[in-house]
Amino acid sequence: MNNWFSIGERILLISQEHPEFNGEYEIILIQSDTEDHPDPHYGHMLEVGFGEGYLYYLDDPKLFQFDEDGEKVSICWHVSALRKKHKPSSEDFQSMMDTLKTNIAETV
């Protein structure tokens with residue numbers, strides 16, 4: 001499975017399970033199924049063996065839940081809850097439209 005994001009990348013979290021956390025964040029840890037890592041906010045070791053793909057941890061320590069022992073653990077996010085944050089255009093809307101019209105006119 002492909003890793004679509006990178007550490008340090010700004011993303012948009014769009015979660016159906018936890019919509020209260022939706023917003024803009026930075027990825028601080030990417031965990032594969034075979035790598036052990038400490039929780040980026042709370043220090044204890046994260047479990048492996050969750051299946052294919054990657055889990056993403058974000059920069060806000062308020063994104064946590066409690067495990068069965070009552071300890072805080074960072075919420076990890078599946079790729080389906082993350083979206084690329086696109087950089088804004090350096091052109092204004094009218095110049096983009098003018099460029100498109102010119103390109104269309106040249107091809108006709």
Side-chain angles (χ1 to χ4, degrees):
M1 177 166 267
N2 289 335
N3 179 8
W4 298 107
F5 300 97
S6 57
I7 292 175
E9 183 173 356
R10 299 293 297 172
I11 54 88
L12 299 174
L13 174 63
I14 311 293
S15 172
Q16 292 181 349
E17 188 175 337
H18 294 286
E20 67 275 16
F21 295 136
N22 289 350
E24 183 178 329
Y25 299 95
E26 182 178 320
I27 294 175
I28 59 170
L29 175 65
I30 300 171
Q31 182 186 11
S32 74
D33 186 38
T34 57
E35 300 174 21
D36 288 334
H37 289 283
D39 185 302
H41 298 292
Y42 303 105
H44 40 278
M45 291 306 288
L46 300 169
E47 293 182 26
V48 296
F50 49 81
E52 283 189 34
Y54 296 91
L55 296 177
Y56 299 87
Y57 292 84
L58 307 178
D59 63 338
D60 192 336
K62 293 181 290 203
L63 301 175
F64 71 87
Q65 55 194 4
F66 293 99
D67 67 10
E68 55 276 351
D69 298 325
E71 298 286 328
K72 283 184 182 180
V73 293
S74 294
I75 297 176
C76 55
W77 302 95
H78 186 266
V79 67
S80 63
L82 307 179
R83 304 290 182 274
K84 292 275 186 186
K85 182 170 189 293
H86 298 284
K87 294 183 173 119
S89 174
S90 59
E91 291 184 79
D92 63 54
F93 180 74
Q94 190 57 50
S95 0
M96 287 191 295
M97 291 305 293
D98 292 343
T99 303
L100 283 172
K101 288 176 187 175
T102 302
N103 290 343
I104 290 171
E106 289 174 358
T107 60
V108 175

Item to complete: Examine distances only and state if a side-chain atom of Y42 and a backbone atom of P61 form a donor-acceptor pair shorter than 3.5 Å.
Response: yes
Worksheet item: Between D67 (side chain) and D69 (backbone), is there a donor-acceptor pair under 3.5 Å?
Response: yes
At what distance, to the nearest 0.5 angstrom, does [atom1] of [X] lie from [atom2] of [Y]?
X: I75; Y: F21; atom1: CD1; atom2: CZ; value: 4.5 Å
X: Q31; Y: S74; atom1: CD; atom2: OG; value: 11.0 Å
X: S90; Y: M96; atom1: OG; atom2: CE; value: 9.0 Å
X: F5; Y: L82; atom1: CZ; atom2: CG; value: 5.0 Å
X: R83; Y: W4; atom1: CZ; atom2: CH2; value: 13.5 Å
X: I28; Y: D60; atom1: CD1; atom2: CG; value: 9.5 Å

Discussion item. For D59 and R10: C-alpha separation, side-chain torsions, deciding distance, then whether side chain to side chain contact (heavy atoms under 4.5 Å, CB included) applies.
Written reply: CA-CA 10 Å; D59 63 338; R10 299 293 297 172; 3.6 Å; yes
For [X], enumerate each residue passing the salt bridge (charged side-chain N to carboxylate O under 4.0 Å, His left out) test, keeping only those at least two apart in sequence or located in another chain.
X: K72; value: none
X: K101; value: none
X: D39; value: none

Worksheet item: Is I7 linked to L63 within one hydrophobic cluster, defined over Ile, Leu, Val, Met, Phe, Trp and Tyr using a side-chain heavy-atom separation of less than 4.5 Å?
Response: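 Yes, it is one cluster - the side chains of I7 and L63 are joined through contacts under 4.5 Å.
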Worksheet item: Among the clusters formed by ILVMFWY side chains lying less than 4.5 Å apart, do I104 and M97 turn up in the same one?
Response: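 I104 and M97: separate clusters.
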Restricting to non-hydrogen atoms, name the atom on [X] and the atom on [Y] that form the minimum distance, rounded to 0.1 Å.
X: H18; Y: W77; value: CB-CH2, 3.9 Å
X: I30; Y: E35; value: O-OE1, 4.4 Å
X: L29; Y: P38; value: CD2-O, 4.1 Å
X: I27; Y: L58; value: CG1-CD2, 3.9 Å

Fill in: Side chain to side chain, K85 and I11, heavy atoms closer than 4.5 Å
no
Worksheet item: Does the side chain of Y54 reach to within under 4.5 Å of the side chain of V79, using non-hydrogen atoms?
Response: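 SC-SC contact between Y54 and V79 ruled out.
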Item to complete: With sequence neighbours excluded, tell me which residues meet ring pair (Phe, Tyr, Trp, His ring centres under 6.0 Å) with F64.
Response: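 F66.
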Worksheet item: Residues in side-chain hydrogen bond (donor to acceptor under 3.5 Å, both in side chains) with K84, at least two apart?
Response: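 Result, side-chain hydrogen bond (donor to acceptor under 3.5 Å, both in side chains) vs K84: E9.
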Worksheet item: So which pairs with a foot in residues 88-98 pass salt bridge (charged side-chain N to carboxylate O under 4.0 Å, His left out), sequence neighbours left out?
Response: none
